[in-house]
Number of protein chains: 2
Amino acid sequence: MIELFGKRLKSLRTSKKMSQKEFGKLFGLAESTIGMYERDERRPDFELLNKFANYFDVSTDYLLGRIDTPNPYSQEKKSADEEAFQKFLNDPNLQVFYKELPNSEEEEIEMLREFWEFIKHKNKT
Amino acid sequence: MIELFGKRLKSLRTSKKMSQKEFGKLFGLAESTIGMYERDERRPDFELLNKFANYFDVSTDYLLGRIDTPNPYSQEKKSADEEAFQKFLNDPNLQVFYKELPNSEEEEIEMLREFWEFIKHKNKT
DNA sequence: CCACTAAGAATATCTTAGCCT
DNA sequence: AGGCTAAGATATTCTTAGTGG
């Protein structure tokens, strides 16, 4: 069985742009503890798992790697997603992203994200 | 926080008309261990939680008492595009893109797309 | 038979301190 | 700063043996 919990946790944490120390502080944990979770060397207890899921608004099934949909229960989110989907579908410039990004290297995505931040920042000034 | 895990586990086990001993045997556990789970005196590890959920065909969110629907996932068929898009918005690292791109300037999107082509080309060589 | 309890043994976890990049 | 590793201290879990309905 492939361990996905660590990857999921790390991905969620970094998506919030938090360090392990910052994240740990929210739950009264040392940074090394978070690191061990993310490397699948330790497991939190159920209480913490529940808190993590609440904090990120995802299902525990997603955190544990049982399913690939973060929060399959929220209905309003679904319709909002469908709206976004229509926009992506109708704009050729956007299609390449939703088709290619999910299968791309983490590093490549990270580069793209940084460049995107750069573009937005440049156009503001 | 009310502990529901024990109740859920016991309910599922008895619904299968199994004794604690029989159930424990399926997972290599002593009967007293099952009893302790059901009284919320002990917790299984993630691997066991996963196995229990699989065995009963329920979500871990249900087992943990986060939701009241045993298995809320609907396995609908989706178009290829929809599937790709689903993967796209399931990845927390990509959320910034699907949230911002549809509402961004055409020019910015074009720049981003060109940079993306550059990244891909660079990594090939 | 079935479930619960107690207690020691076996496992797993958490933190601190140090190290690396 | 951010993340990783080691190791002792701490905390939890699992089983066996025994009790009682």
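All of these numbers come straight from a predicted model, not from anything done at the bench. Chain A is the first sequence line, chain B the second, and so forth, proteins listed ahead of strands; every chain is numbered from 1.
Per the geometry, CG belonging to B:Asp40 stands 13 Å off P belonging to C:dT5, to the nearest Å. Between A:Glu47 atom CD and D:dT13 atom P there is a gap of 12 Å when expressed in whole angstrom units. Taking atom CG of A:Asp45 as the reference point, atom C1' of D:dT12 lies 10 Å away to the nearest angstrom. Rounding to whole angstrom units, CG of residue B:Leu49 and P of D:dT12 are separated by 19 Å. Summarising the geometry, the separation between CD1 on A:Ile34 and C1' on D:dC4 is reported as 14 Å, rounded to the nearest angstrom. In this structure, B:Lys21 atom NZ and D:dA17 atom P are separated by 12 Å, rounded to whole Å. In this structure, the CE atom of B:Met18 is 11 Å from the P atom of C:dA3, given to the nearest Å. Straight-line distance from the CD atom of B:Glu38 to the P atom of C:dC4: 7 Å, rounded to whole Å.
The aromatic ring centroids of B:Phe88 and A:Phe97 lie 6.0 Å or more from each other. A centroid separation of less than 6.0 Å is found between the aromatic rings of B:Phe5 and A:Phe46.
Backbone-only engagement by B:Gly28 is indicated by non-hydrogen atom pairs under 4.0 Å involving sugar-phosphate atoms exclusively. Backbone-only contact: A:Ser19 has heavy atoms under 4.0 Å from sugar-phosphate atoms and none from a base.
A pairwise comparison of heavy atoms in B:Asp61 and A:Ser59 identifies OD2-CB, 3.2 Å as the closest pair.
Between B:Thr33 and D:dT15 there is a side-chain N or O to OP1 or OP2 distance below 4.0 Å. Using a 4.0 Å cut-off, some side-chain N or O of A:Gln20 falls inside it from OP1 or OP2 of D:dC4. Put simply, A:Arg39 has a side-chain N or O that comes within less than 4.0 Å of OP1 or OP2 on D:dT5.
Cation-pi check for A:Lys10 over A:Phe23 is not met; the charged atom does not lie both under 6.0 angstrom from the ring centroid and within 45 degrees of its normal. In this structure, A:Arg8 is positioned above the aromatic face of A:Tyr62, its NZ or CZ under 6.0 Å from the six-membered ring centre and within 45° of the axis.
Taking CZ from A:Arg39 and CD1 from A:Ile34, the interatomic distance works out to 11.0 Å, rounded to the nearest 0.5 Å. The CZ atom of A:Phe52 sits 10.5 Å away from the CG atom of A:Leu12 when rounded to the nearest 0.5 Å.
By the 4.0 Å N-to-carboxylate-O rule, B:Arg43 lies close enough to B:Glu3 to be salt-bridged with it.
Terminal axes of the helix from C:dC1-D:dG21 to C:dT21-D:dA1 (five pairs each, C1' rotation axis) are separated by 40°, to the nearest 10°.
A side-chain donor-acceptor contact under 3.5 Å links B:Arg13 to the backbone of B:Met18. Using a distance-only test at 3.5 Å, with no hydrogens or angles considered, no donor-acceptor pair links the side chain of B:Thr33 to the main chain of B:Leu29.
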Checklist entry - How far apart are the C-alpha atoms of B:Lys25 and B:Glu22, what are their side-chain angles, what is the distance that settles it, and do they pass the salt bridge (Lys or Arg N to Asp or Glu O under 4.0 Å) test? => result CA-CA 5 Å; B:Lys25 199 169 186 178; B:Glu22 285 176 298; over 6 Å; no

Below 3.5 Å between N/O atoms, which protein atoms pair up with nucleotides 7-13 of chain C? Just atom names and distances, please.
{"residue": "C:dT13", "atom": "OP1", "partner": "A:Arg43", "partner atom": "N", "Å": "3.2"}

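The side chain of B:Glu31 lies closest to C:dA3 when the candidates are D:dT15, D:dG2, C:dA3.
For residues 9-17 of chain A, proximity to DNA chain C is found at no residue, defined as any non-hydrogen atom under 4.0 angstrom from a strand atom.
Within 6.0 Å of the NZ atom in B:Lys16, the count of heavy atoms belonging to other residues, nucleotides or ligands exceeds 12.
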